[in-house]
Amino acid sequence: MKFRMANIDYEGRKVGQVYLHENKKEETTLIAIPDLEWSTVVSYEEEIEEMKMRVFASLKERTNEEVGREMTAKINYWVREM
């Protein structure tokens, strides 16, 4: 499991740690953001743009458009570096 720091302000609080767990056997990555009570699973085979749109839509429901875009960009980078 890897930990990353988002360092994003949302409604007067910090969104801090992001947890990434790669499951090589199932070819997926679990992404969890406890500060937002949010998580998702990304398949290795999922297209990049499809993943970004899905993650953004989900995060936007939980936060707002600006935070959703910023978090999506960070998540995309972190998942691709694994």
Side-chain angles (χ1 to χ4, degrees):
M1 182 171 296
K2 295 185 180 191
F3 304 94
R4 298 290 184 261
M5 291 301 292
N7 294 322
I8 295 175
D9 289 316
Y10 172 64
E11 293 185 347
R13 62 185 174 146
K14 283 268 189 211
V15 176
Q17 288 193 333
V18 176
Y19 299 87
L20 302 138
H21 174 70
E22 185 175 21
N23 184 332
K24 291 181 181 182
K25 182 178 178 182
E26 294 183 16
E27 298 185 343
T28 60
T29 301
L30 169 69
I31 304 158
I33 306 172
D35 291 333
L36 298 177
E37 297 179 5
W38 180 90
S39 65
T40 193
V41 175
V42 175
S43 169
Y44 289 1
E45 294 183 11
E46 187 172 9
E47 295 292 325
I48 293 171
E49 288 305 313
E50 179 183 318
M51 184 276 294
K52 287 168 45 177
M53 288 187 321
R54 183 175 61 79
V55 168
F56 170 68
S58 179
L59 284 166
K60 190 172 82 169
E61 287 179 19
R62 203 43 105 162
T63 60
N64 60 38
E65 190 165 335
E66 180 183 339
V67 172
R69 286 194 193 287
E70 191 172 352
M71 285 301 308
T72 299
K74 289 180 181 219
I75 288 168
N76 182 57
Y77 177 77
W78 293 328
V79 168
R80 302 298 160 213
E81 79 177 2
M82 295 180 81

Any residue meeting ring pair (Phe, Tyr, Trp, His ring centres under 6.0 Å) with Y77, in chain and number order, not counting sequence neighbours:
none
Nearest 0.5 Å, please: how far is [atom2] in [Y] from [atom1] in [X]?
{"X": "K60", "Y": "T72", "atom1": "NZ", "atom2": "OG1", "value": "10.5 Å"}
{"X": "Q17", "Y": "N7", "atom1": "CD", "atom2": "CG", "value": "10.0 Å"}
{"X": "M71", "Y": "N76", "atom1": "CE", "atom2": "CG", "value": "12.0 Å"}
{"X": "R69", "Y": "K52", "atom1": "CZ", "atom2": "NZ", "value": "10.5 Å"}
{"X": "E65", "Y": "F56", "atom1": "CD", "atom2": "CZ", "value": "4.5 Å"}

Flag the pair I8 / T63 as yes when at least one side-chain heavy-atom distance between them is below 4.5 Å, and no otherwise.
no
Less than 4.5 Å apart, side chain to side chain, heavy atoms only: is that true for M51 and R80?
yes
What donor-acceptor contacts under 3.5 angstrom involve side-chain atoms of residues 28-41, with partners at least two apart or in another chain?
residue: D35; atom: OD2; partner: G16; partner atom: N; Å: 2.7
residue: W38; atom: NE1; partner: S58; partner atom: OG; Å: 2.7
residue: T40; atom: OG1; partner: R54; partner atom: NH1; Å: 2.7

How about E66 and Y10: does a side-chain donor come under 3.5 Å of a side-chain acceptor?
no
Heavy-atom pair with the smallest gap, counting every atom of A6 and V18
CB-CG2, 4.0 Å
Could E81 and R4 be called an ion pair, given the rule that one side-chain N must be under 4.0 Å from one carboxylate O?
yes
Test applied, side chain to side chain donor-acceptor pair (under 3.5 Å); reference residue, Y44; option that passes from E26, K24, E27, E22
E22
